[in-house]
Amino acid sequence: MKSRKSVFPDAAGLPESVLEQLVKDTDYESEVACNYDLSWQAIKAGYVGDANTYTHFESVSIRDNYHFIRKQFHPVWVFYVLFIRLFTFYNPITEIRAWIGTSQIGRERGKIKPLLYPAWQAYESNLVAEEPLVSVVIPTLNRYDFLKDVLKDFEKQEYSNFEIIVVDQSEPFQPSFYNNFDLNINVIHQEVKALWLARNTAIKASKGKFIALSEDDVRIKPDWISTHLKCLDFFKAQVSAGVFYPEGQQMPKERSFFSLASQFATGNAMLYKNVFNSVGLFDRQFEKQRMGDGEFGLRIYLEGIPSISNPFASCIDVKAGSGGLREMGSWDAFRTKKWFSPRPIPSVLYFYRSYFGKKATISALFRTIPLSIMPYQFKKNKPLMIVGVFVSLLLLPLVIFQVFKSWKLASNKLKEGAIIEELIS
């Protein structure tokens, strides 16, 4: 971050009312590690406050590191960490001793209780009362049937002062489709099939103080706009990152309460338009590929702009089976459709290498690529997982080729540089 601050609060500065809801683990070897654990708990529980945050982190013992990851991750991942560290020539005696010495520590998944914000329900938002203009951005591609449903949802919004900017890339383009809605719609016909160009075009054409990002295959509640605005006002934040989840499923438990946002999804978010003045528009290096929203979210984080995960502004992801990014052939970032396609798609490595460097990118590949070889259905069946391991070993030479191909294409992107246009007010 430009301020060199992390999001993790210094445990010594946390309010007593927050500390009372956390569990101090005194089994760490150092007090520093104990405090880091409390800070982690606070963030995971949804702490959003004014406590000073860590600007740097002291080293802790190998044992304390294994202690921490055993609490947070599945034992398979803990063993994987051990394997990677041994593979990269860390002291094997120290590593194995720490791994064995923490074996009695179990994973504490789901044990952290979310912090509550009781003032939320009764909060009367001055921002909502002022009724500023909100510009809703929806790119669409060959999904008129799905787009109809979400536009009908917008007709039912309790908040009335908004415009909708639809950037339509469909073939054939059907302008008469938009005559069926009682909405303030600005339709922009874009012949080029390009998602990030579409969003950038809509943002530049917007008139509102706030930008609400939506999609053509979601369903929203009548208070979607007002709840986003209320969140921005309540937390004095600049980004409200809504939660969305697949149709027929419940909201993930870990996303069901307010917290600092860990991700930015362009399918459900609202932010002040001037955020784009600060960080620029979406990077078009991600066109027809993946992680463009994640890269934008990281730019927001590095700028020190607060972003709140808002479960009350949720929406349902219908997951249309056709149209949109699926038509561009890059729906899954790590699983290829063709034998000699790059794995992962180059934009992933472009993102990793741009922000985390070569060494961290290689570490990420060791974590993600092995899992991407095995089909999804194998992971739910232990016998099939064993089969999957052998299949993965057989495919290893091909996978290495795919990774090198992706690395080369990502290098081309890095050489060309980011394509981030500034927003001029």
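Note that the structure is predicted; figures quoted are calculated from it, not measured.
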Is the gap between the ring centers of Phe351 and Tyr355 under 6.0 Å? yes

Indicate yes or no for a side-chain donor-acceptor contact from Asn274 to the backbone of Asn277 under 3.5 Å, with no hydrogens or angles considered. no

Return the set of residues passing ring pair (Phe, Tyr, Trp, His ring centres under 6.0 Å) with Trp120 (not counting sequence neighbours), or none when no residue passes. Phe234, Phe258, Phe312

For Gln41 and Tyr47, which I'm curious about, is there any donor-acceptor pair between the side chains at under 3.5 Å? no

On the six-membered ring of Trp224, is Arg219 placed so that its NZ or CZ lies under 6.0 angstrom from the centre and within 45° of the ring axis? no

Salt bridge (charged side-chain N to carboxylate O under 4.0 Å, His left out): which pairs involve residues 292-301, sequence neighbours left out? Glu295-Arg299

Can you list everything that forms a side-chain contact (heavy atoms from CB on, under 4.5 Å) with Pro118? Sequence neighbours excluded, please. Leu116

Is there a donor-acceptor pair closer than 3.5 Å between any side-chain N or O of Arg70 and the backbone N or O of Thr102? yes

Show every side chain to side chain donor-acceptor pair (under 3.5 Å) that has at least one partner inside residues 257-267, sequence neighbours left out. Arg199-Thr266

Which heavy atom in His228 sits nearest to a heavy atom in Ser240, and how many Å separate them? ND1-OG, 2.7 Å

Side chain proximity check, Tyr90 to Ile84, heavy atoms < 4.5 angstrom: no

Looking only at atom types and distance, does a side-chain atom of Asn268 sit under 3.5 Å from a main-chain N or O of Val243, one as donor and one as acceptor? yes

Residues passing the ring pair (Phe, Tyr, Trp, His ring centres under 6.0 Å) test with Trp40, sequence neighbours excluded, are Phe68

Verify whether one side chain among Glu108 and Gln72 offers a donor that lies under 3.5 Å from an acceptor in the other. no

Ring centroid separation Phe235 to Tyr117 under 6.0 Å: yes

Backbone of Gln285 reached by a side-chain donor or acceptor of Lys413 within 3.5 Å: yes

Over 60° means perpendicular and under 30° means parallel, so tell me whether Phe87 and Phe83 are parallel, tilted or perpendicular. parallel

Could you note down all residue pairs passing side chain to side chain donor-acceptor pair (under 3.5 Å) where residues 15-34 supplies at least one of them, sequence neighbours left out? Lys24-Glu31, Asp25-His67, Asp25-Lys71, Tyr28-Asp37, Glu29-Ser61, Ser30-Asp64

Within the 4.5 Å heavy-atom criterion, are Leu271 and Ser307 side-chain neighbours or not? no

Value rounded to 0.5 Å, distance of CD1 in Ile424 from CG in Leu281: 9.5 Å

Apply side chain to side chain donor-acceptor pair (under 3.5 Å) to Asp283 and list each qualifying residue two or more places apart in sequence or on a separate chain. Tyr350

Could I get the full list of side chain to side chain donor-acceptor pair (under 3.5 Å) partners for Thr53, not counting sequence neighbours? none

When rounded to the nearest 0.5 angstrom, what is the spacing between OG in Ser314 and NZ in Lys221? 4.0 Å

With a 4.5 Å heavy-atom cut-off, do Val81 and Ile69 have their side chains touching? yes

Can you give me the closest heavy-atom contact between Ile188 and Ala205, atom names plus distance? CD1-CB, 4.0 Å

Measure the CG-OG1 distance between Leu349 and Thr361 for me, rounded to the nearest 0.5 Å. 7.0 Å

Trace of the side chain to side chain donor-acceptor pair (under 3.5 Å) decision for Asp223 with Tyr159: CA-CA 7 Å; Asp223 63 352; Tyr159 189 89; over 6 Å; no

Just to verify, what does Ser226 make a side chain to side chain donor-acceptor pair (under 3.5 Å) with, not counting sequence neighbours? none

With distance as the sole test, does Asp317 use its side chain to make a donor-acceptor pair with the main-chain N or O of Val218 at under 3.5 Å? no

Start with the C-alpha distance between Val18 and Leu115, add both sets of side-chain angles, then the distance that settles side chain to side chain contact (heavy atoms under 4.5 Å, CB included), and finish with yes or no. CA-CA 8 Å; Val18 173; Leu115 301 174; 4.1 Å; yes

Just verifying a value: how many Å separate Thr140 OG1 and Glu215 CD, rounded to the nearest 0.5 Å? 10.0 Å

Heavy atoms of Leu213 and Phe282 approach each other most closely as CD1-CZ, 4.2 Å

Contacts of Phe404 that satisfy ring pair (Phe, Tyr, Trp, His ring centres under 6.0 Å) - sequence neighbours left out: none

Using a 3.5 Å distance criterion without hydrogens, assess whether the side chain of Ser406 forms a donor-acceptor pair with backbone atoms of Gln402. no

Taken in chain and number order and not counting sequence neighbours, the residues that satisfy side chain to side chain donor-acceptor pair (under 3.5 Å) with Asp168 are Tyr144, Ser170, Tyr178

One pair to check against side chain to side chain contact (heavy atoms under 4.5 Å, CB included): Leu409 and Trp407. What are the steps and the verdict? CA-CA 6 Å; Leu409 293 171; Trp407 191 278; over 6 Å; no

Between Glu287 (side chain only) and Leu197 (backbone N and O only), is there a donor and an acceptor less than 3.5 Å apart? yes

For the atom pair CD1 (Ile220) and CG (Asp153), what is the distance rounded to the nearest 0.5 Å? 5.5 Å

Taking the six-membered ring for Trp and the single ring otherwise, decide whether the centroids of Phe276 and Phe296 are under 6.0 Å apart. yes

Here the gap from Ser278 atom OG to Tyr272 atom OH, rounded to the nearest 0.5 Å, amounts to 13.0 Å

Just to verify, which of Leu229, Asn310, Val239 counts as forming a side chain to side chain contact (heavy atoms under 4.5 Å, CB included) with Met270? Leu229

Go through the side-chain N and O atoms of Lys273 and Ser206 and say whether any donor and acceptor fall under 3.5 Å apart. yes

pair Leu127-Lys230: side-chain heavy atoms closer than 4.5 Å: no

Where the side chain of Gln190 meets the backbone of Val192, is there a donor-acceptor pair that is under 3.5 Å apart? yes

Would the distance check show the side chain of Ser103 and the main-chain N or O of Trp99 forming a donor-acceptor pair, the cut-off being under 3.5 Å? no

Please check: side-chain N/O of Asn52 versus main-chain N/O of Pro9, any donor-acceptor pairing under 3.5 Å? no

Among residues at least two apart in sequence or on other chains, which ones pass ring pair (Phe, Tyr, Trp, His ring centres under 6.0 Å) with Tyr245? none

Under-4.0 Å salt bridge between Glu254 and Lys44: no

